[in-house]
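First the structure, in the form of structure tokens, and then the observations on it.
So you know, we letter chains A, B, ... as the sequences are listed, proteins then strands, and number each from 1. Computed from a predicted model, the values in this text were never measured in an experiment.
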There are 2 protein chains.
Amino acid sequence: MKLSESKLLDALIAQAKLSKKHTEKQQKIVEAAIQIFAEKGYANTSTSEIAKVAGVAEGTIFRHYGTKDNLLLSVILPFFKETFPVMAEEVFIEIASNVESFEEFLKAFLKNRIAFFLENKAIARVVVKELIYNEELKKDLLPFLSENFLSRVHKVADYFIERGEFIDIPAERIVKMVITFVGGFLVSRLVFLPDYTVTDEEIDDAVRLVISGIGKKDDGTE
Amino acid sequence: MKLSESKLLDALIAQAKLSKKHTEKQQKIVEAAIQIFAEKGYANTSTSEIAKVAGVAEGTIFRHYGTKDNLLLSVILPFFKETFPVMAEEVFIEIASNVESFEEFLKAFLKNRIAFFLENKAIARVVVKELIYNEELKKDLLPFLSENFLSRVHKVADYFIERGEFIDIPAERIVKMVITFVGGFLVSRLVFLPDYTVTDEEIDDAVRLVISGIGKKDDGTE
DNA sequence: TCGTATTGTGAGTGAATACTCACTTATTTT
DNA sequence: AAAATAAGTGAGTATTCACTCACAATACGA
């Protein structure tokens with residue numbers, strides 16, 4: 001009932017292994033679920049409504065997914081399977097080494113992630129909403145995110161710190177603040193402003209401000 | 001059923017006018033509702049549970065609040081009644097004029113708001129969650145927020161722009177980015193990291209980074 | 001073509017839910 | 001103190017919900 005028992009990652013691994021074959025009806029069910037979950041949220045969506053929109057009998061949902069919670073997982077997990085590989089260490093390193101400065105890295109990374117999120121806007125919204133709503137999912141996912149994502153940002157930051165690109169403050173603070181800004185940027189534009197389209201110019205703008213700050217640089221006072 | 005019909009602000013004004021007298025039981029009900037809404041979300045909370053936690057009969061809830069939606073409003077509205085006066089123009093101006101720089105202004109403002117949000121952590125969480133989940137509430141509230149909050153930040157920014165404190169980019173961008181960061185800061189720390197306590201040092205840190213950026217400056221500032 | 005497994009169905013089920021109402025208890029007004 | 005109003009109660013109600021199950025249709029290898 002609560003999505004709480006099953007550790008998210010176990011589910012991810014389990015599902016990854018037995019790469020299911022989707023029937024036509026299953027596809028319809030998942031599409032309908034994504035659409036309605038994104039619109040009204042998981043808790044406010046009934047399985048009967050999903051069935052109606054998908055054009056299948058309600059029983060068919062339970063034949064394939066067993067429970068409503070499991071259907072949510074089946075919607076969310078493929079999103080993560082696509083999300084995390086891009087956040088893999090090699091990819092980070094590759095972007096970082098193909099780029100002259102941290103500014104360029106941030107731009108490239110943000111553009112890449114925003115494009116992906118815009119392509120999968122509905123699922124992204126489902127995930128963020130559930131992440132905020134569902135304490136259990138959050139407890140499962142946040143440690144995983146910080147282990148993977150955070151540590152990789154950290155590594156990249158270290159790389160540019162060594163090259164003397166940053167002001168002289170601890171890497172932890174830089175990482176923390178960059179993540180806060182990037183997270184705030186993504187969440188505000190994808191969740192709070194649902195019909196917003198992020199332009200490349202805006203990304204350039206945002207990154208430039210993170211790097212340069214908004215204060216004037218020529219006076220030496222603090 | 002959907003909180004959708006009633007315009008939020010109408011409700012705010014209406015409620016403000018007839019400053020209800022709270023009975024002891026009403027107080028208990030609201031306290032219980034805040035606590036459980038914050039924990040599990042509005043949609044996942046039943047009125048019977050609220051009644052049980054509050055130690056009243058379920059009927060008592062409906063005697064006073066009529067519907068569950070209305071109870072949610074009765075929880076949320078006082079929060080806004082406390083939030084918005086602080087965001088009133090005079091207060092903004094006062095903070096701005098008692099302060100030497102935009103950096104100091106931001107610090108003062110953030111410390112003030114974070115203190116308030118920490119004091120009302122549970123309600124803040126309910127509001128943010130519902131804001132994300134409830135499209136209708138969002139449609140009601142976001143325009144109001146942008147009219148009030150955004151325009152005031154804009155005014156303050158203009159003030160400091162005139163004093164030549166910022167790099168030479170349009171005020172809109174500055175405002176947008178500052179709000180993105182401040183919003184991301186608040187949401188990430190209050191909603192995603194529920195047990196997080198924000199220290200003054202961290203606020204100083206964050207603001208300094210917004211002002212100065214993370215890039216190294218040529219002229220050896222700071 | 002038959003047998004078996006998989007996929008699909010929708011009426012049915014018990015539990016839960018928001019809300020009602022006839023009633024009792026407490027408070028205020030006269 | 002009597003009457004009137006408001007606060008509080010909890011069993012009851014209609015509806016919705018996630019989920020089941022006996023059965024039907026389809027796919028598919030032998």
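Rounding to whole angstrom units, NE2 of residue H64(A) and C1' of dT6(C) are separated by 9 Å. Rounded to whole Å, the distance from CD on Q27(A) to C1' on dT7(C) is 16 Å. If you measure from atom CD1 of I50(B) to atom C1' of dA16(C), you get 15 Å, rounded to the nearest angstrom. Residue K52(B) contributes atom NZ, which lies 21 Å from atom P of dG8(D) at whole-angstrom precision. L72(A) has its CG atom 17 Å from the P atom of dC17(D), to the nearest Å. Protein atom CG of N44(B) is 13 Å distant from nucleotide atom C1' of dC17(D), rounded to whole Å. Whole-Å rounding puts the I61(B) CD1 to dT17(C) P distance at 12 Å. Atoms CD (E58(A)) and C1' (dT16(D)) sit 11 Å apart, rounded to a whole Å.
Base engagement by T47(A) is indicated by at least one non-hydrogen atom pair under 4.0 Å involving a base atom. Residue T60(A) is in base contact, counting any heavy-atom pair closer than 4.0 Å across all strands shown.
At a threshold of 4.5 Å between non-hydrogen side-chain atoms, the residues V198(A) and F185(A) count as touching.
A sub-4.0 Å separation between OP1 or OP2 of dG8(C) and a side-chain N or O of T23(A) is present.
When each of dA18(D), dT17(C), dC19(C) is scored by its nearest atom to the side-chain atoms of K68(B), the top-ranked nucleotide is dC19(C). The side chain of K25(B) approaches dG8(D) more closely than any other nucleotide in the set dG8(D), dT7(C), dC19(C). Candidate nucleotides dC19(C), dA18(D), dG10(C) were compared by shortest atom distance to the side chain of T67(B), and dC19(C) ranks first. Distances from the side chain of F62(B) to the nucleotides dC19(C), dA7(D), dT20(D) place dC19(C) closest.
Within a 6.0 Å radius of NZ in K28(A), other residues, nucleotides and ligands contribute 12 heavy atoms or fewer.
Applying the side chain to side chain donor-acceptor pair (under 3.5 Å) test to every pair with at least one member in residues 178-187 of chain A, sequence neighbours left out, gives these pairs: T180(A)-R189(B).
The residue among S46(B) and A57(A) whose nearest nucleotide of DNA chain C is located toward the 5' end is A57(A). Comparing T45(A) and R63(A) by the nucleotide of DNA chain D that holds the closest heavy atom to each, the one mapping nearer the 5' end is T45(A).
Q27(A) and E31(A) share a donor-acceptor pair across their side chains, judged by distance under 3.5 Å alone.
Between the side chain of Y65(B) and the main chain of L73(B), no donor-acceptor pair closer than 3.5 Å is present.
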